[in-house]
Amino acid sequence: MDRIVIGHIEQEMTVPTPDMDLDQKLFVQVDQAKCTGCCICMEYCPTAAIYGETGLAHTIVHPEPCLHCGMCLTHCPQGAFHEKFSWLPEVEKRLEDSSQIMIAMPAPSIRYTLGEAFGLPPGRNLQEKMLAAIARLGFDHCWDTEFAADVTIWEEGGEFLHKLKNGMALPLLSSCCPSWVRYMETFQPALVDLCSTVKSPIAINGRLAKTYGAQRYGYDPENMYTVAIMPCLSKKYEALMPALENNGLRDIDAVLTVREFAWLLQKRNIDVNNMPHGIADTLMGESACGTLFGIGGGVMETLARYVHKALCGKELQNQATRRLDRASGIAELSFECCGQTLRMAAVRGADKFAAICEQILKGQSPWHFIEFMACPGGCINGGGQPLLPSLRNTVLLGRGSAQ
């Protein structure tokens, strides 16, 4: 199939469908005509899913070990990797259909990275301008995934406290990152019982939209179309999972990466630089700590705040000790509460998963809770984000023209 270039990455316009066999589908693949066999992709693949000899074109033969994290795609200096699926054609069609209730659901990290696609410095917060751009596109609501992240912590915090108070097996393992969950189920199934039973924020948001949101606004859920705007490719994989369906309705109808969302804005001549300040939706449009989910360690930090307040009755301020071991990629947080020391950790990068999992299986984990994020630094560096300027320049130089 022909490809178009979106955010310097080539992409097919095949719309994925829920009846796909996810175990047999790859969301990224290598264009062997462009691959020089430099093996940089293999350095970033945490599960050795990529095959090839140095100097020869590489490929991904078997989909089973691929985590759909997209690190190969965002680090290939030749631009040889491309995306296989996109909901863009369907989203564009739905936006033109006046009978559809269009719901945008941006992830916490999106407002801090979208500006890079419009020439702004990394990290610029475009919260209000993003809201205005979403409305300009034709969405009826922006029910922010930051709100759903708060809900995630309410549920996960309750689960953690229940296990802690009843002497149940710990550590509790996070469940927000679909690449981590896929890794655990594929390579470490013995840890499944330790993983949180709470759905990720994207899954919670979709279900709330077509139940609570529909009831509050009097919408027919069958006329609602939910579009998650996400930092990674693995959210496309997650959105298609059978569990994200309720009474025949998909919780998430479409997923756009930041690159795809920016491309759609640019196609419609919407420049976020020049947008006025939008207003957050009063229903599922505001949050307390959900924005922290956008960085590695954010789930850990938010859970610690919740647990400390629940157990000690006051905010976690300077009582916590925080430490980051850059060599291992592990961030730690510990605090005293009700006569006990609670220790939590955040694992930043799927290449660190194996060592931590082995430690847990041997009963040597010192932590009560562990957050796992497949992308180094967390969602802010996800495989669906705008390319780093250094890599973007390298890819463009290799193509010989700007995209």
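Treat the numbers as computed from the prediction; the structure is a model and nothing was measured.
A salt bridge links Glu315 to Lys309: one of the charged nitrogens lies within less than 4.0 Å of a carboxylate oxygen. Checked for salt-bridge contact, Arg3 and Glu83 miss the test: no charged N lies under 4.0 Å from a carboxylate O. Residues Lys210 and Glu222 are not paired through a salt bridge, judged by the lack of any N-O separation under 4.0 Å between the basic side chain and the carboxylate. The pair Lys163-Glu159 does not meet the salt-bridge criterion, since no charged nitrogen lies less than 4.0 angstrom from a carboxylate oxygen. In summary, Glu128 and Arg111 do not engage in a salt bridge, as defined by a charged side-chain N under 4.0 Å from a carboxylate O.
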Item to check | Derivation of the side chain to side chain contact (heavy atoms under 4.5 Å, CB included) call for Arg305 and Leu333 | outcome: CA-CA 11 Å; Arg305 295 183 186 185; Leu333 183 154; over 6 Å; no
Checklist entry - Between Cys337 and Cys312, does a disulfide bond (SG atoms under 2.5 Å apart) hold up when you go through it step by step? => result CA-CA 6 Å; Cys337 194; Cys312 303; 1.8 Å; yes
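Between Ala262 and Leu114, the shortest heavy-atom distance links the atoms CB-CD1, 4.0 Å. In terms of heavy-atom proximity, Val307 sits nearest to Met344 at CG2-CE, 4.4 Å.
The backbone N or O of Gln266 sits nowhere less than 3.5 Å from a side-chain atom of Asp271 that would complete a donor-acceptor pair. At distances below 3.5 Å, not a single donor-acceptor pair connects side-chain atoms of Thr226 with backbone N or O atoms of Ile103. A donor-acceptor contact shorter than 3.5 Å is absent between the side chain of Asp351 and the backbone of Pro46. Using modelled atom types, no side-chain atom of Arg136 and backbone atom of Leu131 make a donor-acceptor pair closer than 3.5 Å. Asn273 places a side-chain N or O within donor-acceptor distance of the main-chain N or O of Phe118, the cut-off being under 3.5 Å. Lys129 places no side-chain N or O within 3.5 Å of a backbone atom of Gly278 that could act as its donor or acceptor partner. Between the side chain of Ser179 and the main chain of Leu67, a donor-acceptor pair closer than 3.5 Å is present. No side-chain donor-acceptor contact under 3.5 Å links Asn223 to the backbone of Ile101. For the pair His75 (side chain) and Tyr44 (backbone), a donor-acceptor distance under 3.5 Å is absent. Although no hydrogens or angles enter the test, the distance criterion places no donor-acceptor pair under 3.5 Å between the side chain of Arg259 and the main chain of Gly7.
Under the 3.5 Å distance criterion, with hydrogens and angles disregarded, a donor-acceptor pair is assigned to the side chains of Ser109 and Gln385. Between the side chains of Arg124 and Tyr112, no donor-acceptor pair of N or O atoms lies under 3.5 Å. Glu238 and Ser200 form a side-chain donor-acceptor contact under 3.5 Å, judged by distance and modelled atom types alone. Side-chain polar atoms of Ser365 and Gln359 form no donor-acceptor pair below 3.5 angstrom. Judged purely by distance below 3.5 Å, without hydrogens or angles, the side chains of Asn205 and Trp143 never pair a donor atom with an acceptor atom. Side chains of Glu260 and Gln11: a donor on one and an acceptor on the other come within 3.5 Å.
By the 4.5 Å heavy-atom criterion applied to side chains, Leu264 and Leu137 are counted as neighbours. Contact annotation: the side chain of Met105 never approaches that of Ile229 to less than 4.5 Å [non-hydrogen atoms, C-beta and beyond]. Proximity of Phe81 to Asp31: side-chain heavy atoms (C-beta onward) are nowhere separated by under 4.5 Å. For the pair Cys69/Ser234, no side-chain contact is recorded, criterion being any heavy-atom separation below 4.5 Å from C-beta on. Taking the side chain as every heavy atom from C-beta outward, Ser287 and Asp144 never approach each other to under 4.5 Å. At least one side-chain heavy atom of Phe369 sits less than 4.5 Å from a side-chain heavy atom of Ser174. Counting heavy atoms from C-beta outward, Leu244 and Arg250 have side chains that approach closer than 4.5 Å. A 4.5 Å side-chain heavy-atom check between Leu233 and Tyr237 finds every atom pair outside the cut-off.
Heavy-atom contacts from other residues, nucleotides or ligands closer than 6.0 Å to CG of Asn247 number 12 or fewer. Counted within 6.0 Å of CD1 on Ile279, heavy atoms from surrounding residues, nucleotides or ligands total 12 or fewer; the atom is thus considered open. When the shell of 6.0 Å around CZ of Phe139 is examined, it contains more than 12 heavy atoms from other residues, nucleotides or ligands.
The aromatic rings of Trp154 and Phe147 lie perpendicular to each other, with more than 60° between the two planes, well past the 30° mark. Using the six-membered ring where Trp is involved, Phe353 and Trp180 have ring planes that are perpendicular, over 60° apart on the 30 and 60° scheme.
Side-chain rings of His141 and Tyr217 approach one another, their centers coming within less than 6.0 Å. The six-membered or imidazole ring of His58 lies away from that of Tyr51, with a centre-to-centre distance of 6.0 Å or more.
Of the residues Leu170, Ile360, Leu172, Ile330, the one that meets the side-chain contact (heavy atoms from CB on, under 4.5 Å) test with Ile370 is Ile360.
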